[in-house]
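Scroll down for the structure; my scribbles are underneath it.
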Amino acid sequence: TKSASQPPAGTASFSNPGMNEVGNFGGNSFMPANGLTAAQNQVLNLIKACPRPEGLNFHDLKNQLHHMTVASIKQAVDFLSNEGHIYSTVDDDHFKSTDAE
Amino acid sequence: LVRIQKNKAAALLRLAARNV
């Protein structure tokens with residue numbers, strides 16, 4: 001006996017028109033439409049997620065991104081601030097995001 | 001504080017310039 005009325009549980013019909021085509025850049029798992037690399041995105045997301053008014057400390061960034069070197073974090077931070085996604089606050093080691101959502 | 005606001009304004013300008 002099988003009930004035909006119940007839809008299979010595995011079908012996630014979560015379609016997001018227009019958003020799905022962007023992500024397929026080689027092996028880089030997720031690269032949203034904003035044109036940032038995965039590393040730059042991670043840095044940006046961490047800065048975004050920081051609730052403190054003075055923003056996220058570079059030290060915290062470093063502690064949360066073990067897999068990245070200080071140089072590559074700096075590079076990402078440089079890039080992001082050049083693009084205007086983040087800006088430094090109380091000193092050059094604190095960053096906040098401009099991307100209000 | 002002024003510095004922060006200036007940085008923020010500058011960053012927003014850069015962002016806006018890119019999004020044009």
Side-chain angles (χ1 to χ4, degrees), chain A residues 18-19 21-23 25 28 30-62 72-101, chain B:
Chain A
M19 288 297 272
E21 287 88 48
V22 193
F25 285 123
N28 221 346
F30 72 97
M31 187 163 176
N34 56 15
L36 303 176
T37 66
Q40 287 159 358
N41 253 308
Q42 274 185 313
V43 171
L44 180 58
N45 284 334
L46 280 175
I47 293 172
K48 261 188 202 172
C50 181
R52 273 172 294 179
E54 76 272 21
L56 192 66
N57 194 312
F58 188 83
H59 190 75
D60 296 334
L61 213 52
K62 207 171 60 186
S72 58
I73 298 174
K74 269 217 157 70
Q75 213 172 25
V77 163
D78 268 3
F79 178 85
L80 290 167
S81 70
N82 260 323
E83 301 272 299
H85 296 296
I86 61 172
Y87 57 96
S88 62
T89 59
V90 286
D91 57 39
D92 284 339
D93 281 339
H94 285 79
F95 302 97
K96 247 181 113 64
S97 157
T98 46
D99 301 359
E101 287 177 89
Chain B
L1 210 67
V2 175
R3 179 198 134 99
I4 297 175
Q5 302 230 309
K6 255 163 90 172
N7 282 343
K8 183 173 188 176
L12 283 170
L13 271 176
R14 282 195 291 271
L15 199 64
R18 276 189 52 80
N19 288 335
V20 165

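A quick note: this is a predicted structure, and the numbers were derived from the prediction, not measured. Per chain, numbering begins at 1; letters A, B, ... match sequence-line order.
For B:Arg3 and A:Asp92, the salt-bridge test passes: some basic side-chain N is under 4.0 Å from an acidic carboxylate O.
In this structure, the side chain of B:Asn7 engages the main chain of A:Ser88 through a donor-acceptor pair within 3.5 Å.
Residue pairs meeting the salt bridge (Lys or Arg N to Asp or Glu O under 4.0 Å) criterion with at least one partner in residues 50-61 of chain A, sequence neighbours excluded, are A:Arg52-A:Asp60.
A 4.5 Å side-chain heavy-atom check between B:Leu15 and A:Glu83 finds every atom pair outside the cut-off. Side-chain atoms of A:Tyr87 and B:Ile4, non-hydrogen and from C-beta on, do get closer than 4.5 Å to each other.
Proximity to chain B (any heavy atom under 4.5 Å) is restricted, for A:Ile86, to the backbone atoms N, CA, C and O.
Distance CD/B:Gln5 to OG1/A:Thr89: 12.0 Å, rounded to 0.5 Å. One finds the OG1 atom of A:Thr98 at 8.0 Å from the NZ atom of B:Lys8 (value rounded to the nearest 0.5 Å).
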